[in-house]
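What follows is one structure encoded as C-alpha cells, with my remarks underneath.
For reference, positions follow the sequence shown, starting with 1. Please read all numbers here as calculations on a predicted model, not as lab measurements. All ligand and atom numbering here is 1-based and tracks the order in the structure.
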Amino acid sequence: MKEEIDNKIQEVLYDTNFISGRQVQELENQLAQYVGTKFCISCANGTDALTLALMAWDIGKKDAVFVPDFTFFASAETVAFNGATPILVDVDKKTYNIDVDKLEEAIKKVLREGNYRPKVILAVDLFGQPADYERIRAIAENYQLLILEDGAQGFGGAIGNQRACSFGDISTTSFFPAKPLGAYGDGGAIFLNNEEWVRKIKSFKNHGQGNNKYDNVYIGLNSRLDTIQAAILQVKLKKFKDWELYRVNEIAKLYTDILEKIVETPEVKKGFFSSWAQYVIKLESQEQREKIQSDLKKRGIPTMVYYPKPLHMQKGLSMYSHDVDNLKVSSDLSKRVLALPIHPYLKDEEVEKVGMTIKERMEA
Ligand SMILES: *Cc1c(COP(=O)(O)O)cnc(C)c1O
C-alpha cells in the first residue's frame, strides 16, 4: 500500500488541511456505510469515543455502568472518568465476552442495594468477536438500560448479516495501530443512528462548540481525527474490505487446524464472525504458558498476554468495591491466555512454524 498511502499523505500536506480536512468527512461516510449506521463521527482515539458517548447520555455521579472485568483498562476508565461507577462483571469462559447471566445478576444486585442507578451496559467485542447482543439487548430492554458497544477490537466482526459497531445504542471503535483497522497513530470513531446524540457529540468533541468556533455551550474535549490519519485510513479501509478481513480469517483457521487438538483454541459462536484483533489460546496453567512463551521467544516469535491483570485487580479502580467472588473466570483467564502473532500479512509457513513450536512443547 506504500505508494497509495504516500500519495494520500502528500495530498494532505499539499492542501495543508491538517485539521478537519475533506478526507475526514469522506472517511466518516465510508465507515458509516460499511458498518451500517446512519452516522459516524470520528475522534482522537477509542477512549475518547467511549467518553463522548457517555457524555451524550449525561452519565455521571450515582450512575452504574456494567463493564466486563476482562478487557483493556479504557473500557472501565471512561466510566470512572465521567464520574459514574463501573460495576465489573465476569466473562464467559469460551468467548471471553461479558457473561450475560452474571450481567443480569449484577444489575439485580445494584437495584437491590440501591446506591446507584443502573444506566448503561458497556459490552466489549473482545479480540474481534462481537458480544452476545441478542441477549444483551433483551436485558437492556427489560431493565431500561442503554447499550454502549466498545468495538475497539471488534471492527469488521459480525453477527449474521449485521456488522459490529452497529449493535449499541452508540458503538465505538479505535484506530490504534494494533486494532483490526489501524491508523499510523491514534484515532477513533463513534457510530449511531440518533440525531440528537450526534449533535451533542459533535459539539463535545469540539470544546462544546455552539453556533460558531468561539461560542461554547458545553464543557467538552478537543478530540478530532487528524486529516493525515483519515487519508491513510481511507486507503487501509479499502484493503480491509477487499482482502485483509478475509485473509485474517484464513490465518485464524489455519492456526485452529494445527492447534485444536493440542491446546484450547478460540471459539467463535455459531453465526458470529470475528475480525481477529487477537488470536488467543488458553493453556493449562501459568507455568505452561511461561514455557511456551519462552520457547516461542527463542525462535524469534513474539507473543503477548492480554490481559495479565483483570480490571478488579487494577490499582486505578481500587476505590470501587468489586464483587471478587463472582469474577473467577476473568482471574483464571489472566493466568492462562496467550496471544499468538496474527495479521493479514502472515504467510502460511509462518503460522505453521508457530503452530509446530507449540506442538513440540506440548508433546515434550
Ligand atoms: C484499545 C482499546 C480501547 C481504547 O482505544 P484507544 O484508541 O487506545 O484509546 C478501548 N477499549 C478496548 C477494548 C480496547 O482494546
Just by distance, do the side chain of K108 and the backbone of L103 share a donor-acceptor pair under 3.5 Å? no
Distance filter under 4.0 Å to [X] heavy atoms, resulting ligand 1 atoms:
X    : result
T71  : 13 (C)
S174 : 5 (O), 6 (P), 7 (O)
A152 : 2 (C), 3 (C), 10 (C), 11 (N), 12 (C), 14 (C), 15 (O)
N45  : 7 (O), 9 (O)
S75  : 11 (N), 13 (C)

In Q25, E28, R224, the residue satisfying side chain to side chain donor-acceptor pair (under 3.5 Å) with S42 is E28
P266 versus W276: any side-chain heavy-atom pair under 4.5 Å? yes
Heavy-atom side-chain contact between F70 and S75 under 4.5 Å: no
I301: which of L340, D295, T357 passes side-chain contact (heavy atoms from CB on, under 4.5 Å): T357
[atom]: which protein heavy atom is closest, and how many Å away?
atom                    : answer
atom 4 (C) of ligand 1  : T47 OG1, 3.4 Å
atom 6 (P) of ligand 1  : G46 N, 3.4 Å
atom 15 (O) of ligand 1 : K179 NZ, 2.6 Å

Examine Q153 against ligand 1 and note whether any of their N/O atoms are separated by less than 3.5 Å. yes
If we only count N/O pairs under 3.5 Å, is D150 in contact with ligand 1? yes
With under 30° as parallel and over 60° as perpendicular, where do the rings of F155 and F240 fit, or are they tilted in between? tilted
Assign the ring pair F204 / Y218 to parallel, tilted or perpendicular, where the plane angle (0 to 90°) is split at 30° and 60°. tilted
Location of contacts on V124 toward ligand 1, heavy atoms closer than 4.0 Å: side chain
Check contact between G188 and ligand 1, using heavy atoms of the residue and a distance below 4.0 angstrom. no
Would you mind telling me which of K269, K94, K270 makes a salt bridge (Lys or Arg N to Asp or Glu O under 4.0 Å) with D132? K269
